[in-house]
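Letters go in sequence order (proteins before strands), and every chain restarts at 1.
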2 protein chains.
Amino acid sequence: MATLDDIAKLAGVSATTVSRVINNYGSLSEKTKTKVFSAMQELNYQPNSLARSLKGKKTKLIGVIMPGVSNPFFGQMVQEIEDQLFKKGFKMILCNAGNDAQKEKDYLRMLMANRVDGIIAGSHNLGIEEYQKVGLPIISFDRYLSDNVPIVSSDNYQGGELAAQSLISSGSKNPQIITGSNRPNSPTNSRLTGFKDVLEKHDLSYNLIELPFSSSPNIKSLKIKELLTNKKIDGIFCTDDLTALLVKQQAQALNLQIPTDIRLVGYDGTNFIQNYHSELTTIMQPITDIVTMMIDLLLKRIDDPDCQLEKNYVLPVKLITGGTTI
Amino acid sequence: MATLDDIAKLAGVSATTVSRVINNYGSLSEKTKTKVFSAMQELNYQPNSLARSLKGKKTKLIGVIMPGVSNPFFGQMVQEIEDQLFKKGFKMILCNAGNDAQKEKDYLRMLMANRVDGIIAGSHNLGIEEYQKVGLPIISFDRYLSDNVPIVSSDNYQGGELAAQSLISSGSKNPQIITGSNRPNSPTNSRLTGFKDVLEKHDLSYNLIELPFSSSPNIKSLKIKELLTNKKIDGIFCTDDLTALLVKQQAQALNLQIPTDIRLVGYDGTNFIQNYHSELTTIMQPITDIVTMMIDLLLKRIDDPDCQLEKNYVLPVKLITGGTTI
DNA sequence: TTCAAAATGTCAAACGTTTATCAAAATTAT
DNA sequence: ATAATTTTGATAAACGTTTGACATTTTGAA
């Protein structure tokens with residue numbers, strides 16, 4: 001691979017001059033600029049990022065830690081992140097941590113080793129300490145990591161409220177919630193609270209079951225079937241759209257009419273759901289805005305590591321009404 | 001951030017010794033090893049990847065260029081790549097090139113600049129020349145890039161055959177194909193050929209329409225509706241599952257029974273489809289195997305840039321029969 | 001004790017840049 | 001033509017490692 005010296009030789013100038021051209025500083029004549037550029041072209045030269053960064057330049061790399069990318073929600077989010085970062089001249093190292101704490105830790109170390117300029121974290125299996133000693137600008141999606149890591153999220157409480165309202169106004173008297181695993185500081189908790197609060201206002205009670213994210217769709221389906229046959233439920237709020245799809249399937253299999261017998265509300269409202277399951281009433285998280293916010297904050301922190309940021313940035317969600325509620 | 005010298009000082013040994021510990025060469029006593037390790041621990045030290053790579057060590061970075069990750073097929077593939085790479089100690093720089101040639105070119109340059117050890121390419125908007133002058137080990141998914149870039153793919157021809165057979169054996173007499181945009185060396189071409197060849201053997205003819213990947217689901221739906229109302233079609237083969245979902249929706253909306261009025265076969269068979277749309281008959285591409293193959297070949301090339309590889313590696317696909325054919 | 005082997009240390013070059021300093025050459029203005 | 005200015009060059013240090021050559025110390029055994 002061609003180096004700066006090769007370019008200098010080919011262009012018939014000094015290495016210093018080439019560097020000046022690349023970094024556009026000092027005074028340069030048009031003539032030498034062209035000479036250098038065409039030499040770079042000819043040799044398909046790319047300044048060695050490693051060497052530049054070593055000398056103190058930014059790497060222009062951002063580490064993105066997510067649970068995974070095959071889930072449409074995170075898929076869309078990652079895509080959006082990538083897209084927006086690229087437009088700002090950054091590249092992304094994607095880390096799918098799954099729910100593997102060790103993997104997340106390894107990735108964190110790796111990102112440090114690679115001197116990324118910053119980290120966007122959307123997967124959180126680790127304790128606070130791990131994140132504290134990273135010493136890099138970090139922005140978190142939807143979960144508390146450490147005191148100086150700003151959290152960007154959508155309004156989970158409002159989402160819960162909207163879901164409840166939508167079930168109630170379409171006639172549900174015996175609503176049910178299906179959540180993923182309910183860990184202590186999981187964002188779905190606020191969804192629950194919002195949901196609960198609205199129900200209480202209407203003097204309604206509700207049932208709740210937990211279907212861990214990690215369990216397979218088949219197992220979930222089974223439990224859902226059980227639920228639908230045994231209980232006299234007339235409305236279901238799932239804290240993610242995919243589970244809502246399973247509910248829909250099972251309801252159909254049991255010949256329960258949606259929305260007359262069962263009203264159904266999902267959560268997330270990804271493009272995928274909007275495009276391929278527009279019948280589903282759901283709460284849409286503003287992925288694009290969330291990402292814009294995260295990147296904005298992150299770049300601020302990168303520019304000025306000491307800049308003060310809020311602890312929380314909460315963006316509004318939106319109810320998308322489909323045929324599964326009236 | 002702590003450097004090697006800091007560790008040396010803290011551990012009370014020389015920098016050389018620390019390096020020896022890190023790289024595990026030369027002779028070392030257990031005692032110093034422990035001293036060094038605990039110093040590294042204490043300072044949360046990570047050897048600077050940039051410096052190491054500059055000195056000639058591998059970066060352990062692999063560039064992955066894909067059209068995008070919000071599509072479940074590529075989402076799953078990227079996830080699989082990430083997973084397998086991680087297990088082998090590599091990290092991934094994900095590049096979503098969309099169908100933007102300029103972006104793909106930019107990414108290619110960036111990957112060179114970052115001295116990735118190799119590239120997996122699944123998005124191909126660029127001409128051969130661009131890929132030829134990269135000068136890095138590359139493996140391509142499903143498309144021809146350049147003479148010395150091995151192609152890993154699943155058996156598109158066989159996929160077409162299976163789709164046709166499945167439509168025919170479930171009673172279709174007037175099959176229709178819906179493909180994405182049919183570019184000259186697109187893999188869907190062989191799917192078409194396989195499909196056609198089987199039909200010919202059965203003295204059947206078929207219709208074809210193209211719905212460019214880039215067009216929105218709404219537009220596609222409209223065209224599908226048109227198709228379903230105007231023609232007397234009794235079977236449809238979509239060269240991707242998502243389009244098949246749209247067909248299913250439109251058929252239902254038009255009160256056409258599946259599979260009695262219309263038989264339907266999709267393509268790809270991602271986990272997502274298998275989990276959430278198991279009713280769909282589809283051709284499953286062996287994503288895991290494809291990825292294993294690609295990584296295997298890539299690492300071989302990285303180890304020995306001159307090693308001879310085949311031009312094509314074709315893996316078998318599998319028919320998954322669901323309720324949309326009998 | 002003596003000697004070999006094992007364990008460290010010292011020193012320096014190298015990887016490909018960036019950047020500062022100083023000097024020289026080329027260009028422009030007067 | 002002279003001075004002032006602009007452009008370029010030469011040199012070197014620095015970024016944080018790795019690695020080799022060589023020297024020194026420690027250890028353990030004969």
Handout entry: Heavy-atom neighbours of B:Q102 CD exceed 12 at 6.0 Å
Key =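 Yes, because the 6.0 Å sphere around CD of B:Q102 holds more than 12 heavy atoms from other groups.
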
Problem - Greater than 12 external heavy atoms within 6.0 Å of A:N99's CG - result: no

Have a look at [X] and say if it touches a base, only the backbone sugar-phosphate, or nothing, with a 4.0 Å heavy-atom cut-off.
X	value
B:S19	base
A:T32	sugar-phosphate
B:S29	sugar-phosphate
B:T16	base

Integer-rounded Å distance: [N] [atom2] and [X] [atom1]:
X	N	atom1	atom2	value
A:I7	C:dG16	CD1	P	13 Å
A:L54	D:dA14	CG	P	14 Å
B:L4	D:dT18	CG	P	6 Å
B:Y25	D:dT18	OH	C1'	7 Å
A:D5	D:dT11	CG	C1'	13 Å
B:R52	D:dT19	CZ	C1'	13 Å
B:M112	C:dG16	CE	C1'	15 Å
A:L28	D:dT6	CG	P	13 Å

Problem - Side-chain donor/acceptor of B:R20 to base of C:dG9, under 3.5 Å - result: yes

When you get a sec, tell me which of [options] is the closest nucleotide to the side chain of [X]?
X	options	result
B:S14	C:dC15, C:dT10, D:dT18	C:dT10
B:V13	C:dG16, C:dT18, C:dG9	C:dG9
A:K55	D:dT8, D:dA14, D:dT18	D:dA14

Below the 4.0 Å mark, does [N] have OP1 or OP2 next to a side-chain nitrogen or oxygen of [X]?
X	N	answer
A:Y45	C:dT17	yes
B:N23	D:dT18	yes
B:K57	D:dT19	yes

Practice task
Check the side chains of A:N23 and A:K57 for a donor-acceptor pair under 3.5 angstrom, ignoring hydrogens and angles.
Solution key: yes

Problem - Face-on cation placement of B:K91 at A:Y107 ring, 6.0 Å and 45° thresholds - result: no

Fill in the blank from the handout: Whichever of B:L50 and A:S27 has the more 5' nearest nucleotide on DNA chain D, that residue is A:S27

Exercise for the section: With DNA chain C as reference, determine whether B:A51 or B:V18 sits nearer its 5' end, using the nearest nucleotide of each. Expected result: B:V18

Practice task
Nearest-nucleotide wise, let me know which of A:I22 and B:G26 is further upstream toward the 5' end of DNA chain C.
Solution key: B:G26

Practice task
Determine yes or no for a side-chain-to-main-chain donor-acceptor pair under 3.5 angstrom, with B:K103 supplying the side chain and B:N96 the backbone.
Solution key: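 Side chain of B:K103 to backbone of B:N96, a donor-acceptor pair under 3.5 Å: yes, one is there.
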
Problem - For the student: nearest non-hydrogen atoms of B:R109 and A:Y45, plus distance - result: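 Minimum heavy-atom separation between B:R109 and A:Y45: NH2-O, 3.7 Å.
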
